[in-house]
Peer 1: 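Got a structure for you, questions after.
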Amino acid sequence: MEVSSIIAPLNDQQRLAVSAPSQAMLVLAGAGSGKTRVLVHRIAWHIKINHISPYHILAVTFTNKAANEMRGRIEDLLNTSARSMWIGTFHGLAHRLLRQHAKQAKLPETFQVMDSDDQLRIVKRLIKNLNLDDSKWPPKQAQWFINAQKDEGVRARHMQDSGDFYLRQMRQIYLAYEELCDRSGLVDFAELLLRAHELLRDNADLLSFYRERFQQVHVDEFQDTNTIQYAWLRLLTEGNNNLFVVGDDDQSIYGWRGAKIENIYAFQKHYPQHGVIRLEQNYRSSGHILKAANTLIANNDNRMGKELWTDAGDGHALALYSAFNEQDEAYFVVEKIRQWVRDGGLRSETAILYRSNAQSRQFEERLMATATPYRVYGGLRFFERMEIKNALAYLRLSSNPHDDASFERVVNTPTRGIGAKTLDDMRILARQQQLSLWQAAQAMLEQNQLPARAANALRGFMNLVLELGRATQNSSLHETVKHVVEASGLIELYKKEKQDKGEARVENLEELVNAARLFDYDRENAENLSELDMFLAHAALEAGEMQGEADEDCVQLMTLHSAKGLEFKLVFLVGMEEGLFPSQQALDDPGRLQEERRLCYVGITRAMQQLYLTHAESRRLYGKDSYPRASRFLRELPQESIQEIRLRANVTRPSAAAPSASATLGGSTFKLGQTVRHEKFGEGVVLQTEGEGDQERVQINFRNAGLKWLMLAYAKLEKV
Ligand code: ATP
Ligand code: MG
């Protein structure tokens, strides 16, 4: 009976994969063909049928969300807990290893994970320290360079001096960066992976321990592993032939971040005794959607080549909507979602997918205006908001005062009269004597080098950090966080900030306290870490998963990249415009264009029942207006599977519900979509009108003031 619960819900190919003898195995198959399902059932099979303890199983997924779901599904299949199984993202697992073996990894016990913002801040400072002109040596580029080297497993000291001036300089920045991170106990994302690899490579005992422990190793989305991730997997599985990977070359979308599609070929070479299984039936999407995906991706070359089929029937055609601007687009999408809900659907079955985070705002505004609960994944993530990062920096310092990135961040936030000169002197001293900023500050105070005012201010700050550290010792996590946001002066600072913004920041800080209260401290897997340190690591690694009420029925908003592996009944692929999707950088780079096409393939194949494609004829993004052409990807789709919702010539108003297409006042007509100016609210776009004569009202989306209904007779609107 147990066997049948694992095997029954699978097709023949899937069964072959799940029940194969222990061996290296590659499941290569298109979207929605059940790869993830196979992985889950394979693990259940090992546990139930092969009697392998969950303790001996390792599984790598792409997001923490996927990891949690996977664990849940396995537990459901087995009816027991799989807590002792290691399952997570590459970064999460690497972090866990480094925590457990900090000493062997040559890291201080209190090392902190920093996100890419913190990393950039440090790189900026180093470039300044090295007296380099940051217009010639843009910090972002240096950051990218460093990460790319790490993804390839290359340390600064490994880089050969080829005499190339650019590389020599980059190497110098990289060297200085490594030194500073070591001194401050800071670890960036790429470092997590590199160091976890070095840890196993250089410690034979540990390596053999983990090789013995992880008897079965599983990887989802294998096509997006980079060099160092694959090297790490090889270390763990070499000789054991126990690596089970599933992937789809057509869904490789992280080439720009170092992912190597070639790992699929390398796998076949490195594990000569491997099996390959292909899955061809798609269970996710109806016929038109699948056909669109197949037709689009056929435009790429160098594919491993696979065709998906479904027996689900054609279903709905894809729907294409040409909006006249981005607000109309948002309006349209949200109305369709509301209709879906009115018809009995769930909000969580719907997703708005976009190419770039900045696109989310329009949709968020419209969702808010209609009181539709939604959740944004990624983007301006909770833990990335300025006020949250400031609070976290105080928390980090309270745990490790040598954390330079945090020190820099809050030494003068709120302002406490520590001048630029004092800070510069401190940085110089730190650099010259290889000290952390904290130590440099101590030295300067001891040597009485500072004017009294600056010295007092600095002492005040350091005492505050020490006090926060002490307060942490005996209180619960949320009390600590509450104490820190108050004692640091942050709450007070934002209360003074004007209007809504400050209020929202205070609310976010309160939400942080709340997040701390709800934080699930997994003592068993804490590797001797305090609850605070676990929380901080969580904030760096799992950003974005705290937003909204987890169990509320919400519309899902995310970038195409973060939609990988997920599925929704109703999907909107928005902003289908040249320069946005495909992105500007891809327009004259054939390699990147193909990656964008794969991204579009990923987007289309998220949809189960209905897929809407939208583009806008004019768009304001990053403060600029543009009149983009429709995306080439739209032309590449099979036209017979697409239904245009409305001819462009007929576009008069954004909503069928809006009663009139234009409003008149004193002989002037406001067309929907028209930009107007209001004395107080500034510029905005007319969205809809209602009522007549004196009662005529107009709804405007003001760029700064948001959505407003105004009485036309009083509004004094000017056309722009
Ligand atoms: P992606 O490439 O997008 O990650 P995938 O190949 O991992 O997709 P899954 O997410 O595992 O595909 O499966 C897609 C959908 O099809 C899921 O809803 C899954 O439950 C369903 N499914 C998979 N195999 C079967 C099957 N044999 N019978 C019925 N439903 C199936
Ligand atoms: Mg999957």
Side-chain angles (χ1 to χ4, degrees), residues 4-19 25-45 59-74 76-77 87 89 218-225 244-254 259 261 264 277-287 289-290 292-294 296-297 303-304 306-313 315 348-349 351 353 556 558 560-571 573 598-609 611:
S4 82
S5 70
I6 296 174
I7 285 299
L10 302 173
N11 67 28
D12 286 351
Q13 287 304 100
Q14 294 173 331
R15 287 177 185 184
L16 278 179
V18 165
S19 61
M25 178 81 91
L26 167 66
V27 177
L28 185 64
S33 58
K35 294 182 298 297
T36 303
R37 178 183 278 222
V38 161
L39 206 71
V40 167
H41 286 243
R42 170 77 169 171
I43 293 172
W45 177 269
V60 191
T61 62
F62 221 74
T63 61
N64 293 300
K65 186 170 173 343
N68 289 336
E69 272 173 25
M70 198 174 271
R71 191 190 295 277
R73 285 211 251 160
I74 293 168
D76 284 350
L77 272 177
I87 173 164
T89 61
H218 309 81
V219 186
D220 200 359
E221 310 276 5
F222 182 66
Q223 76 281 355
D224 274 327
T225 48
F244 187 100
V245 303
V246 309
D248 176 6
D249 57 310
D250 288 332
Q251 294 188 73
S252 153
I253 53 176
Y254 281 98
I261 217 170
I264 298 185
I277 289 194
R278 290 174 181 261
L279 310 173
E280 268 147 14
Q281 179 169 4
N282 173 295
Y283 290 93
R284 179 180 292 146
S285 311
S286 48
I289 296 171
L290 197 59
N294 281 337
L296 176 94
I297 201 66
R303 298 176 57 216
M304 290 177 171
K306 38 196 157 42
E307 219 24 43
L308 286 170
W309 61 274
T310 176
D311 62 10
S348 56
E349 292 164 342
L353 308 181
Q556 314 280 304
M558 67 194 81
L560 287 151
H561 279 98
S562 26
K564 198 164 69 152
L566 307 180
E567 59 190 22
F568 309 92
K569 286 189 182 159
L570 172 62
V571 169
L573 270 189
R598 292 193 292 269
L599 192 56
C600 188
Y601 173 81
V602 168
I604 293 173
T605 53
R606 297 313 95 198
M608 300 162 84
Q609 296 177 1
L611 175 63

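Both counts, for ligands and for their atoms, begin at 1 and track the order of listing. The analysis underlying the following values was restricted to heavy atoms, covering all of them including side chains, and did not include hydrogens, waters or symmetry mates.
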Peer 1: Considering distance alone, does some N or O of Thr36 sit under 3.5 Å from an N or O of ligand 1?
Peer 2: yes

Peer 1: Counting from 1, what ligand 1 atoms have a heavy atom of Pro9 closer than 4.0 Å?
Peer 2: 26 (C), 27 (N), 28 (N)

Peer 1: For atom 23 (C) of ligand 1, what's the nearest protein heavy-atom neighbour? Residue, atom name and distance, please.
Peer 2: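 So the nearest neighbour among protein heavy atoms is Arg37 NE, 3.3 Å.
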
Peer 1: Suppose we measure from atom 29 (C) of ligand 1 to each protein heavy atom; which comes out shortest, and what is that distance?
Peer 2: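 The closest heavy atom on the protein side is Tyr283 CD2, 3.6 Å.
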
Peer 1: Between Lys564 and ligand 1, which part of the residue brings a heavy atom under 4.0 Å of the ligand: side chain, backbone, both or neither?
Peer 2: neither

Peer 1: Please state which protein non-hydrogen atom is closest to atom 4 (O) of ligand 1 and give its distance, to 0.1 Å?
Peer 2: Gly565 CA, 3.6 Å

Peer 1: Out of all atoms in ligand 1, which are within 4.0 Å of some heavy atom of Gly30? Include the element for each.
Peer 2: 6 (O)

Peer 1: Does only the side chain of Gln14 get under 4.0 Å from ligand 1, or the backbone, or both, or neither? Count heavy atoms.
Peer 2: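 Looking at Gln14 and ligand 1, just side chain atoms fall under 4.0 Å.
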
Peer 1: So, Asp248 side chain and Glu221 main chain: donor-acceptor pair closer than 3.5 Å or not?
Peer 2: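 Checking the backbone N and O of Glu221 against the side chain of Asp248, no donor-acceptor pair under 3.5 Å is found.
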
Peer 1: On a heavy-atom basis, which atom in Val18 and which in His41 lie closest, and how many Å separate them?
Peer 2: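 Shortest heavy-atom separation between Val18 and His41 comes out as CG1-O, 3.7 Å.
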
Peer 1: Check for me whether the distance between the ring centres of Tyr254 and Phe62 falls short of 6.0 Å.
Peer 2: yes

Peer 1: If you look at every heavy atom in Ala44 and Leu77, which pair is closest and at what distance?
Peer 2: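 Where Ala44 meets Leu77 most closely, the heavy atoms are CB-CD1, 3.8 Å.
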
Peer 1: When you look for heavy atoms under 4.0 Å from ligand 1, do you find them on the side chain of Ala29, its backbone, both, or neither?
Peer 2: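 Under 4.0 Å from ligand 1, Ala29 contributes no heavy atoms.
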
Peer 1: Hey, does the side chain of Arg598 reach the backbone of Ser252 with a donor-acceptor pair shorter than 3.5 angstrom?
Peer 2: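 Checked: pair present.
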
Peer 1: Starting from atom 10 (O) of ligand 1, locate the nearest protein heavy atom and write down its residue, its atom name and how far away it is, to 0.1 Å.
Peer 2: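 Going atom by atom, the protein heavy atom closest to atom 10 (O) of ligand 1 ends up being Arg284 NH2, 3.1 Å.
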
Peer 1: Please name the pair of heavy atoms, one in Gly603 and one in Leu353, separated by the smallest distance, quoted to 0.1 Å.
Peer 2: O-CD1, 4.2 Å

Peer 1: In the protein, which heavy atom is nearest to atom 8 (O) of ligand 1, and how far is it?
Peer 2: Gly32 N, 2.9 Å

Peer 1: Between Arg278 (side chain only) and Val27 (backbone N and O only), is there a donor and an acceptor less than 3.5 Å apart?
Peer 2: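 Side chain of Arg278 to backbone of Val27, a donor-acceptor pair under 3.5 Å: no, none is there.
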
Peer 1: Considering only heavy atoms, does Leu10 approach ligand 1 within less than 4.0 Å through its side chain, its backbone, both, or neither?
Peer 2: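 The answer is the backbone.
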
Peer 1: Please identify which atoms of ligand 1 are closer than 4.0 Å to at least one heavy atom of Asn11.
Peer 2: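 Contacts of ligand 1 toward Asn11, numbered from 1: 27 (N).
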
Peer 1: Among the heavy atoms of Thr605, does any lie under 4.0 Å from an atom of ligand 1?
Peer 2: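 Flag not set, Thr605 not near ligand 1.
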
Peer 1: Kindly say whether Gly32 contributes a backbone atom to a donor-acceptor pair with the side chain of Arg37 at under 3.5 angstrom?
Peer 2: no

Peer 1: Which heavy-atom pair separates Ser19 from Trp45 by the least distance, and what is that distance?
Peer 2: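 In this case the closest contact between Ser19 and Trp45 is CB-CZ2, 3.5 Å.
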
Peer 1: Would you mind finding which of Arg606, Gln251, Lys35, Glu567 brings a heavy atom closest to atom 3 (O) of ligand 1?
Peer 2: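 When every heavy atom of Arg606, Gln251, Lys35, Glu567 is considered, Arg606 comes closest to atom 3 (O) of ligand 1.
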
Peer 1: Compute the shortest N/O to N/O distance between Gly34 and ligand 1 and return yes if it is under 3.5 Å, no if not.
Peer 2: yes

Peer 1: Is a side-chain N or O of Gln14 found less than 3.5 angstrom from the main chain of Ser33, in a donor-acceptor match?
Peer 2: yes

